[in-house]
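Notes follow once the structure below has been shown.
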Amino acid sequence: MARMAAHKIIIDTDPGQDDAVAILLALASPELDVLALTCVAGNVPLDLTTCNARKIAELAGRPDLPIYAGCDRPLARPLVTAEQVHGASGLDGPDLPEPSMPLAKGHGVDFIVDTVRREAPGTVTLVAIGPLTNVATALTRAPDISARLGRIVLMGGAHFAGGNVTPAAEFNIHVDPHAAKLVFACGAPLTVLPLDVTYKALVTPARTTAFRDIGTPVGTAVAALTDAPHRHNTEKFGAPGVPLHDPCTITYLLRPDLFRGRHINVEVETGSDLTLGMTVADWWGVTTRAPNATFLTEVDADALFSLLTERLARL
Ligand code: RIB
Ligand code: CA
């Protein structure tokens, strides 16, 4: 049987410990053709997210992977970072060497626009796992790409789960709510993995041990990455583990059958100080607003982690 053509993806990212695991999963999966990483300011400033992205690519044995610097601040707000979760470096846990690979020449937004315009319509998926500044800037600069994109799969937002950076807002959306508002209105097919689903993908100590038992530099690094924020999460959320947010997006691309959700309308609050960055999800269909996003709230976490562990062992 002819092999399925690999699924072309661009990962827009602010690594970030969970971003790192998502990138490793993507690079370990032959179903996915990772065209490039485009970096954005988020968990830590842009100079660190671009450094961390290269550290992760080299850890995966991919010094050839094109990695671009993108936007260094949100569209209309000061940058808010998350060193309290990811550490000052943004990649606390493993001791990874400084990268030797260079950044790709050019801006990440231009790469997104040029690539989507070059590739056949509908063949490129944009996986956004940080603030949506690069994605929104690309859509503003080239509105035509929203009709050419296969899909935007993003980690962000929350409904029943509430916010993780304010009572109302999840970090990626809160950092750049104006960008998020634009992305949710762009018309491209949108799959959203909010905190409602990522809080069910908890790295328990047993799952961290499974990563460590892979016995490779990647397995050891992922165990260290997922163990590091453990203190933060148990102290703050009293959770039995660390939510593994960003890898849910890549897992969805590999195994969409592991997820459940609804196609609903989701809008983003940009006017209220109290609820800035809130994703207002019309889960019960009480408005006449047209559905614009597949909003996922359930995942088979055991299957996610066995897939993740199996794939990481391939690197
Ligand atoms: O709220 C979780 C999201 O914010 C994840 O993408 C994490 O990496 C941070 O960017
Ligand atoms: Ca992220």
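Index from 1, following the sequence. Every number for a ligand or one of its atoms is a count from 1 in the order of the listing.
- The N, O or S atom of D246 lying closest to the Ca ion (ligand 2) is OD2.
- Near F171, the atoms of ligand 1 lying under 4.0 angstrom from a non-hydrogen atom of the residue are 1 (O), 4 (O), 9 (C), 10 (O).
- Taking 3.0 Å as the criterion, G42 does not count as a coordinating residue of the Ca ion (ligand 2), since none of its N, O or S atoms falls below it.
- Heavy-atom proximity to M155, at under 4.0 Å, picks out these atoms of ligand 1: 2 (C), 3 (C), 5 (C), 6 (O).
- Using a 4.0 Å cut-off between heavy atoms, D19 contacts ligand 1 through its side chain alone, with no backbone atom that close.
- Contact annotation for N164 and ligand 1: only side-chain heavy atoms (C-beta onward) come within less than 4.0 Å of the ligand.
- The Ca ion (ligand 2) has no N, O or S atom of D18 under 3.0 Å away, backbone or side chain.
- Scanning all protein heavy atoms for the shortest distance to atom 8 (O) of ligand 1 gives D18 OD1, 2.6 Å.
- Environment of CZ in R151: crowded, with over 12 heavy atoms of neighbouring residues, nucleotides or ligands closer than 6.0 Å.
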Go through R255 and E31 one step at a time and tell me if the salt bridge (charged side-chain N to carboxylate O under 4.0 Å, His left out) criterion holds. CA-CA 11 Å; R255 290 286 308 276; E31 304 92 321; over 6 Å; no
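- Taking the Ca ion (ligand 2) as the corner point, the angle from D14 atom OD1 to D19 atom OD1 is about 90° (rounded to 10 degrees).
- Counting heavy atoms of neighbouring residues, nucleotides and ligands inside a 6.0 Å radius, atom CZ of R117 exceeds 12 of them.
- Using the six-membered ring where Trp is involved, W283 and F160 have ring planes that are perpendicular, over 60° apart on the 30 and 60° scheme.
- Annotation: I129 places an N or O atom under 3.5 Å from an N or O atom of ligand 1; distance criterion only.
- Interface atoms of ligand 1 facing N43, defined by a heavy-atom separation under 4.0 Å, are 7 (C), 8 (O), 9 (C), 10 (O).
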Working note: K55 + E98, criterion salt bridge (charged side-chain N to carboxylate O under 4.0 Å, His left out); need CA distance, chi angles, decisive distance, verdict. CA-CA 7 Å; K55 286 183 177 180; E98 287 305 304; 3.5 Å; yes
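- Residue D246 touches ligand 1 through its side chain alone, judged by heavy-atom distances below 4.0 Å.
- Set against the non-hydrogen atoms of E170, the atoms of ligand 1 under 4.0 Å away are 1 (O), 2 (C), 3 (C), 4 (O).
- Counting heavy atoms of neighbouring residues, nucleotides and ligands inside a 6.0 Å radius, atom CG of D273 does not exceed 12 of them.
- The distance from atom CD1 of I250 to atom CE of M155, rounded to the nearest 0.5 Å, is 13.0 Å.
- In this pair, H245 and Y199 present their aromatic rings tilted. The plane angle is within the 30 to 60° band.
- The number of heavy-atom neighbours closer than 6.0 Å to CG of D95, taken from other residues, nucleotides and ligands shown, is 12 or below.
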